[in-house]
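Below is one structure, written out as structure tokens, with a few remarks after it.
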Amino acid sequence: MVQSSRQRNLFLAFCLVPTFILFAVFTLYPLFNGLYYSFFKWSGASSLAEFVGLENYRRLFSDGIIPRTILHDYFLVVTKVIGIMILSTFFAVALTQMKIKEAPFYRIVFFFPNIMSVVVIGILWMFIYNPSLGLVNSGLELIGLESWTRPWLGSEDWALPSLVLPSVWAGIGLFMLMLMGGISNISKSYYEAAEIDGATEWQQFWKVTLPLIWPQIKISILYIIITTLNGSFIIVQVMTKGGPNNSTHVMGSYLYEQAFVKYNFGYGATIGVMILILSLITVLIMQFLMRREKVEY
């Protein structure tokens with residue numbers, strides 16, 4: 001019995017210790033290191049770092065660009081959650097509930113953007129939004145809406161909304177497959193019983209499908225929020241670099257500009273701490289708002 005317990009502990013240690021080491025090296029160390037450097041004035045290249053205490057945090061609260069970056073981030077969060085979840089749910093239901101022969105092909109088509117680099121997606125959509133040769137303005141001109149054409153990424157009013165479409169397009173496939181997995185596990189007997197009771201297809205969706213795939217929906221929403229708050233700076237950096245006139249700067253892109261362009265590494269670390277805190281608060285609030293009793297099959 002002792003030998004069996006020892007073997008089990010060794011097996012657990014063999015599985016967990018390497019994972020914990022990787023987690024500590026690539027997650028915990030950068031986290032605490034960033035928190036440490038947020039109390040210093042440092043260029044990131046010099047060997048000298050001047051301790052300034054809370055000066056970077058005072059600068060954070062007095063920086064007029066920071067509130068705009070927060071608003072831009074949450075604008076992308078809201079629009080991406082709404083756009084991705086509506087479209088991915090629609091396509092997931094269509095490809096599982098409707099008898100579409102080409103369903104496997106459409107799965108590949110919708111998932112294809114997820115295997116593409118964000119940099120490639122950004123460059124592709126820069127060509128699509130090109131004022132002279134892009135598909136958007138060319139299409140508007142073709143249908144007689146020349147007055148709607150504009151330099152999409154060069155307009156302070158339209159640059160940020162223009163980032164939503166490529167972000168949603170790139171995210172539909174992954175969450176569609178997650179929801180399809182949940183829908184495929186729902187027993188057909190539930191739909192048969194609902195149909196016998198006179199429920200329409202729309203009522204079956206709201207009363208049967210949606211409650212039973214709620215765990216997948218909840219995970220998808222949280223994943224979109226986390227990846228947007230922590231990763232939207234990539235598409236911003238590729239397509240607009242925060243311009244024009246800071247109209248598309250998000251917290252991540254502003255961090256990059258301060259740390260690696262203006263060499264205010266300490267202040268950049270402070271912005272990173274802010275991103276971490278806002279991400280944690282947002283996820284906790286959303287988990288509280290989306291809590292509900294588990295529906296069992």
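It should be emphasised that the depicted structure is a prediction, and the values quoted were computed from it without experimental measurement.
- A donor-acceptor contact shorter than 3.5 Å links the side chain of Asn56 to the backbone of Phe40.
- What you find for Ala24 and Pro30 is that their closest heavy atoms are O-CD, 4.4 Å.
- Rounded to the nearest 0.5 angstrom, Arg107 CZ and Thr96 OG1 are separated by 8.0 Å.
- When every heavy atom of Ser132 is checked against every heavy atom of Ser138, the shortest pair comes out as O-OG, 4.4 Å.
- From Thr240, atom OG1 reaches atom CE of Met126 across 9.0 Å, with rounding to the nearest 0.5 Å.
- With Trp152 as the aromatic partner, Arg150 meets the cation-pi criteria of under 6.0 angstrom to the ring centre and within 45 degrees of the ring axis.
- Between the side chain of Thr200 and the main chain of Gln203, a donor-acceptor pair closer than 3.5 Å is present.
- Closest approach of Val208 to Ala194, counting heavy atoms only: CG2-CB, 4.3 Å.
- The shortest side-chain heavy-atom distance between Tyr191 and Gln97 falls under the 4.5 Å cut-off.
- When all heavy atoms are compared, the tightest approach of Pro166 to Met239 is CG-SD, 4.2 Å.
- Residues Val120 and Ile108 are members of separate hydrophobic clusters, defined by side-chain heavy-atom contacts under 4.5 angstrom among Ile, Leu, Val, Met, Phe, Trp and Tyr.
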> Can you list the steps and then say if Leu16 with Thr19 is a side chain to side chain contact (heavy atoms under 4.5 Å, CB included)?
Replying inline: CA-CA 5 Å; Leu16 296 177; Thr19 304; 5.7 Å; no
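- Atom CH2 of Trp169 is surrounded by more than 12 heavy atoms from other residues, nucleotides or ligands within 6.0 Å.
- Distance alone, capped at 3.5 Å, is enough to place a donor-acceptor pair between the Asn114 side chain and the Ala170 backbone.
- Side-chain contact between Ile217 and Trp214: present, with at least one pair of heavy atoms (C-beta onward) separated by less than 4.5 Å.
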> Can you list the steps and then say if Val25 with Ile21 is a side chain to side chain contact (heavy atoms under 4.5 Å, CB included)?
Replying inline: CA-CA 6 Å; Val25 170; Ile21 292 174; 4.3 Å; yes
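- Phe20 and Tyr29 fall into different hydrophobic clusters, where Ile, Leu, Val, Met, Phe, Trp and Tyr side chains are chained together by heavy-atom contacts under 4.5 Å.
- Expressed to the nearest 0.5 Å, how far CG of Leu280 lies from CD1 of Ile275 amounts to 12.0 Å.
- Among all heavy-atom pairs drawn from Tyr129 and Ser162, the shortest one is OH-O, 2.8 Å.
- The shortest non-hydrogen separation linking Ala13 to Pro18 is O-CD, 3.8 Å.
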>> For a side chain to side chain contact (heavy atoms under 4.5 Å, CB included) check, start with the C-alpha distance between Phe127 and Leu135, then their side-chain angles and the critical distance, and finish with the verdict.
In response: CA-CA 8 Å; Phe127 282 105; Leu135 291 176; over 6 Å; no
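- Residues Phe110 and Phe105 fall within the same hydrophobic cluster, defined by Ile, Leu, Val, Met, Phe, Trp and Tyr side chains chained together at heavy-atom separations under 4.5 Å.
- Heavy atoms from other residues, nucleotides or ligands lying under 6.0 Å from NZ of Lys41 number 12 at most.
- Every residue meeting the side-chain contact (heavy atoms from CB on, under 4.5 Å) condition with Met178, not counting sequence neighbours, appears here in chain and number order: Phe175, Ile219, Ser220.
- More than 12 heavy atoms of other shown residues, nucleotides or ligands fall within 6.0 angstrom of atom CZ in Phe111.
- Separating the CG atom in Leu22 from the CG atom in Leu28 is a distance of 11.5 Å, to the nearest 0.5 Å.
- Within 6.0 Å of CD in Glu141 there are more than 12 heavy atoms belonging to other residues, nucleotides or ligands.
- Trp42 places none of its side-chain heavy atoms less than 4.5 Å from the side chain of Tyr263.
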Without placing hydrogens or testing angles, list every side-chain donor-acceptor pair under 3.5 Å for residues 64-87, not counting sequence neighbours.
from	atom 1	to	atom 2	distance (Å)
Thr69	OG1	Ile66	O	2.6
His72	ND1	Arg68	O	3.2
His72	ND1	His249	O	2.7
His72	NE2	Ser247	O	3.4
Asp73	OD1	Ser232	OG	3.1
Asp73	OD2	Met251	N	2.9
Tyr74	OH	Thr282	OG1	2.5
Thr79	OG1	Phe75	O	2.8
Thr79	OG1	Leu76	O	3.2
Lys80	NZ	Thr228	OG1	3.1

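- In this structure the side chain of Trp125 reaches within 4.5 angstrom of the side chain of Ile128, judged on heavy atoms.
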>> If you apply the rule side chain to side chain contact (heavy atoms under 4.5 Å, CB included), what do you find for Arg59 with Asn264, and how did you get there?
In response: CA-CA 12 Å; Arg59 177 182 174 184; Asn264 297 323; 3.7 Å; yes
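- Proximity of Tyr254 to Phe233: side-chain heavy atoms (C-beta onward) are nowhere separated by under 4.5 Å.
- A heavy-atom distance below 4.5 Å is found between the side chains of Phe39 and Leu54.
- Taking hydrophobic clusters as Ile, Leu, Val, Met, Phe, Trp and Tyr residues chained together by side-chain heavy-atom distances below 4.5 Å, Ile225 shares a cluster with Val164.
- Linking ILVMFWY side-chain heavy atoms closer than 4.5 Å, directly or via other members, places Leu35 and Leu31 in two distinct hydrophobic clusters.
- For Thr248 (side chain) and Gly243 (main-chain N/O), a donor-acceptor pair under 3.5 Å exists by modelled atom type.
- Within the 4.5 Å cutoff, the side chain of Val236 has heavy atoms near those of the Leu163 side chain.
- Summarising the geometry, atom CG belonging to Leu177 is positioned 12.0 Å from atom CD1 belonging to Ile172; distances are rounded to the nearest 0.5 Å.
- Counting only distance, with no hydrogens or angles, the side chain of Asn130 and the backbone of Leu133 share a donor-acceptor pair below 3.5 Å.
- Counting non-hydrogen atoms of neighbouring residues, nucleotides and ligands closer than 6.0 angstrom, the CD atom of Glu201 reaches no more than 12 such neighbours.
- Asn230 contributes a side-chain N or O that, together with a main-chain N or O of Ile226, makes up a donor-acceptor pair within less than 3.5 Å.
- Remark: of the listed residues Ile271, Thr270, Leu276, Ile271 is the sole one forming a side-chain contact (heavy atoms from CB on, under 4.5 Å) with Met274.
- To the nearest 0.5 angstrom, Tyr223 atom OH is 6.0 Å from Leu174 atom CG.
- The closest side-chain heavy-atom distance from Glu55 to Arg58 is below 4.5 Å.
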